A.B. asks: 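Have a look at the structure that comes next, please.
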Amino acid sequence: MLELAYLREHTDRVRKALRDRGLPDSELDAFLRIDAQRRQAITDVEGLKAERNRANAEIGRLKKERQDASALMLRMKEVSAQIKQLDQRADELDAQVRQWLLTLPNLPHESVPVGRSPAENAEVRRWGTPPAFDFEPKPHWDSGVSLGLLDFERASKMAGARFVVYTGLGARLERALADFMLDVHGREHGYHEVLPPFVINSAALVGTGQLPRFAGDLFKLGDTDYWLSPTAEVQVTNLFRDQTFRADALPLKFCAWTANFRSEAGSYGKETRGIVRQHQFQKVELVKFARPEQSYDELESLTQDAEVILQKLGLPYRVVALCTGDLGFAAAKTYDLEVWLPGQNTYKEISSCSNFEAFQARRAGIRYRVPGKSRSDYVHTLNGSGLAVGRTWMAVIENYQQADGSVVIPEALRPYMGGLERLEPSRGLFLDTFL
RNA sequence: GGAGGAGUGCCGGAGCGGUUGAACGGGGCCGCCUUGAAAGCGGCUAGUCCGCGAGAGCGGGCUCGGGGGUUCGAAUCCCUCCUCCUCCGCCA
């Protein structure tokens, strides 16, 4: 959410930001008119309320002195009726303004490249060398099944398309990756670990920006106010909704392992193979709360913290700065980490690290205060995947595949796999061996 | 799911419907005292919104879990929702 005063005073900058994002700016003027009406209504009703307060004090005084106050009371009855009416009008306008404001995206940071599509994203750096194979590397949806690690058929039996059952060592590898990531971020990078609910309410989703605009991307639980969380960004950021940090406590860093749920509406026929795009996936999320002057440094270090996981696992990747047209709704700036997938001959997003500046903090009411200063200010929030566990899983399977069909387990991961060094090929689905 | 109880400021804890934004205590901060500290004494100690102002600031509105109602006037009365606690049931 943008600041109203900023919107009024820098309408042109907001207009440009919308255009850079490839969005229409036609509603802006109408919005500003409604806002002007709203402020007029507030001024009017507050004048009447001030009058009422003065009269009430007078009535109290008269009663105490046993004098007649009935004339004044009668007049105030009328004033109160007026207040009620005007209040309603002000509330309506305020709701309109707020509703509209909630659908307005963040302003891109000045360092964000202007562009229309992902093609205009800017590659920032590359790490690692894609492994050379003297055979045709397989995509994980082949090897994952032939190694007896994934079972798509059984997942669709109990749930449907875009779900998977990890079986045997496949399940263990998923768990090992998550455990490894949490250990690195917790012990080496200083993040506080939390394990939040996976089911959340709409207020939390409004706070981080998924609602009201993107309800269609989410799973909602029947006729309740419960939703399945699409990312731990929601839970962890909302840990401090409507609260104020001590300035000296910032920057603060949290990490969380969660399951994430996305409806993937509108992605029919896209990336239907393998575990690239699932309705449920596990992710280790990094979230930071920072003071405004720190936040861009913190974005760099957050991105590096995520990169360390890929480096320790020996997975080649590149870092991409998203252009204005590809930038998420709430983000001011985003770096995507894209891991190399030899089986699919492409780089694929495995982490998205963003600075939201005060956009989420204003929605969620997250502030900080400098001791001695009376006025609080909004924090900057940041988050990034550190990393998407399922996508890391497939990157390991594809990058470490051998000619004989086996997969070497990266050394950093072996302590988490009971010392196992290699996943050996089996004959098809693990669970079919019991039939 | 059934039956009770409770939600007030940083914390504890008062509060006959009318100078109560809120007594009192604790904590914190500042000052006095002291070689230093403690004790003692004095003072200060919410946020947010609207308007005016270059700014320091000034004026006003709102806020006693959330929302609604009664009333000239609500922390105080009524309704409703939420959260927490106790007992029963059920469960991991």
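What's counted below: heavy atoms across the whole structure, side chains too, no hydrogens, waters or symmetry copies. Just so we're clear, the structure is a prediction, and the values are computed from it rather than from any experiment. Order of the sequence lines sets the chain letters (A, B, ...), proteins ahead of strands, with each chain counted from 1.
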A.B. asks: Applying a 3.5 Å limit to both distances, which nucleotide forms a Watson-Crick or G-U wobble pair with rA46(B)?
C.D. replies: rU63(B)
A.B. asks: Between rG73(B) atom P and Leu74(A) atom CG, what is the distance in whole Å?
C.D. replies: 12 Å
A.B. asks: Hey, is the side chain of Asn53(A) poking within less than 4.0 Å of OP1 or OP2 on rG73(B), counting only N and O atoms?
C.D. replies: no
A.B. asks: Taking atom C1' in both rG89(B) and rG1(B), what distance in whole Å separates the two?
C.D. replies: 8 Å
A.B. asks: With no hydrogens and no angle check, do the side chains of Gln360(A) and Glu233(A) hold a donor and an acceptor under 3.5 Å apart?
C.D. replies: yes
A.B. asks: Are any side-chain N or O atoms of Arg391(A) and backbone N or O atoms of Val276(A), one a donor and one an acceptor, separated by less than 3.5 Å?
C.D. replies: yes
A.B. asks: How far does the C1' atom of rA6(B) sit from the matching atom of rC16(B), given to the nearest Å?
C.D. replies: 23 Å
A.B. asks: In whole angstrom, give me the gap between the C1' atoms of rG12(B) and rG66(B).
C.D. replies: 24 Å
A.B. asks: Would you mind pulling out the nucleotide paired to rG36(B), Watson-Crick or G-U wobble, both distances under 3.5 Å?
C.D. replies: none
A.B. asks: Between rU76(B) and rA14(B), how far apart are the two C1' atoms, rounded to whole Å?
C.D. replies: 13 Å
A.B. asks: For the residue pair Gln235(A) and Ser229(A), confirm or rule out a side-chain donor-acceptor distance under 3.5 Å.
C.D. replies: yes
A.B. asks: Under 4.0 Å: is that the gap between some side-chain N or O of Arg39(A) and OP1 or OP2 of rC49(B)?
C.D. replies: no
A.B. asks: Give none if rG4(B) has no partner; otherwise give the nucleotide forming a Watson-Crick or G-U wobble pair with it, both distances under 3.5 Å.
C.D. replies: rC85(B)
A.B. asks: In this structure, how many angstroms lie between the P atom of rG18(B) and the NZ atom of Lys63(A), rounded?
C.D. replies: 11 Å
A.B. asks: Scan Met76(A) against the nucleic acid and name what it touches under 4.0 Å (heavy atoms): base, sugar-phosphate only, or nothing.
C.D. replies: sugar-phosphate
A.B. asks: Under 4.0 angstrom, heavy atoms only, what part of the nucleic acid is Ala55(A) near: base, sugar-phosphate, or nothing?
C.D. replies: nothing
A.B. asks: When you compare rG9(B) with rG5(B), how far apart are their C1' atoms, in angstrom units rounded to a whole number?
C.D. replies: 24 Å
A.B. asks: Regarding Arg54(A), tell me which of base, sugar-phosphate or nothing describes its non-hydrogen contacts under 4.0 Å with the strands shown.
C.D. replies: nothing
A.B. asks: Between Tyr317(A) and Gln311(A), does any side-chain donor sit less than 3.5 Å from a side-chain acceptor?
C.D. replies: yes
A.B. asks: Could you tell me the Watson-Crick or G-U partner of rC41(B), where both distances fall under 3.5 Å? Say none if there is no partner.
C.D. replies: rG31(B)
A.B. asks: Check Arg38(A) with Asp94(A), please: is the shortest side-chain N to carboxylate O separation under 4.0 Å?
C.D. replies: yes
A.B. asks: Hey, which sits more toward the 5' end of RNA chain B by its nearest nucleotide, Met73(A) or Arg52(A)?
C.D. replies: Arg52(A)
A.B. asks: Between atom CD1 in Ile83(A) and atom C1' in rC62(B), what is the gap in whole Å?
C.D. replies: 13 Å
A.B. asks: Give the rounded distance in Å between these two atoms: CZ of Arg246(A) and P of rG28(B).
C.D. replies: 15 Å
A.B. asks: From C-beta outward on Lys49(A), which listed nucleotide comes closest to its side chain: rG61(B), rC50(B), rC72(B)?
C.D. replies: rG61(B)
A.B. asks: Consider the side chain of Lys77(A), meaning its heavy atoms from C-beta on, and name the nucleotide among rG51(B), rC49(B), rC72(B) that approaches it most closely.
C.D. replies: rC72(B)
A.B. asks: Please give the distance between the P atoms of rC88(B) and rG40(B) as a whole number of Å.
C.D. replies: 47 Å
A.B. asks: Should the ring pair Tyr191(A) and His185(A) be called parallel, tilted or perpendicular, given that the plane angle runs from 0 to 90° and is split at 30 and 60?
C.D. replies: perpendicular
A.B. asks: Send over the distance from Leu48(A) CG to rC50(B) P, rounded to a whole Å.
C.D. replies: 19 Å
A.B. asks: Between rG61(B) atom P and Gln40(A) atom CD, what is the distance in whole Å?
C.D. replies: 18 Å
A.B. asks: Identify which nucleotide among rG73(B), rG60(B), rU48(B) has an atom closest to any side-chain atom of Arg367(A), counting heavy atoms from C-beta outward.
C.D. replies: rU48(B)
A.B. asks: From the set rG73(B), rG61(B), rG51(B), return the single nucleotide nearest to any side-chain atom of Asn56(A).
C.D. replies: rG73(B)
A.B. asks: Checking Ser385(A) side chain against Ser352(A) main chain: does a donor-acceptor pair fall under 3.5 Å?
C.D. replies: yes
A.B. asks: Sticking with atom P, work out how far rG36(B) lies from rA22(B), rounded to a whole angstrom.
C.D. replies: 38 Å
A.B. asks: For rC90(B), give its Watson-Crick or G-U wobble partner with both distances under 3.5 Å, or none.
C.D. replies: none
A.B. asks: Determine which nucleotide pairs with rG17(B), using a 3.5 Å limit on both distances of a Watson-Crick or G-U wobble pair.
C.D. replies: none
A.B. asks: Nearest whole Å is fine: how far is rC10(B) P from Arg369(A) CZ?
C.D. replies: 9 Å
A.B. asks: Would you kindly compare Asp91(A) and Asp377(A) by the position of their nearest RNA chain B nucleotide and give the one closer to the 5′ end?
C.D. replies: Asp377(A)
A.B. asks: Which base sits across from rU70(B) as a Watson-Crick or G-U pair, both distances under 3.5 Å?
C.D. replies: none
A.B. asks: What's the closest nucleotide to the side chain of Lys84(A) if the choices are rU70(B), rC72(B), rC50(B)?
C.D. replies: rU70(B)
A.B. asks: Could you tell me the separation between the CZ atom of Arg362(A) and the C1' atom of rU48(B), rounded to a whole number of Å?
C.D. replies: 16 Å
A.B. asks: Using only side-chain N and O atoms of Arg61(A), determine if any of them is under 4.0 Å from OP1 or OP2 of rG18(B).
C.D. replies: no
A.B. asks: Rounded to whole angstrom, note down the P distance from rG53(B) over to rG67(B).
C.D. replies: 32 Å
A.B. asks: Hunt down the Watson-Crick or G-U wobble partner of rA56(B), both distances under 3.5 Å, from any strand shown, or write none.
C.D. replies: none
A.B. asks: Hey, does Phe254(A) have a side-chain heavy atom less than 4.5 Å from the side chain of Leu286(A)?
C.D. replies: no
A.B. asks: Examine rG73(B): is either OP1 or OP2 under 4.0 Å from a nitrogen or oxygen in the side chain of Ser80(A)? Give yes or no.
C.D. replies: yes
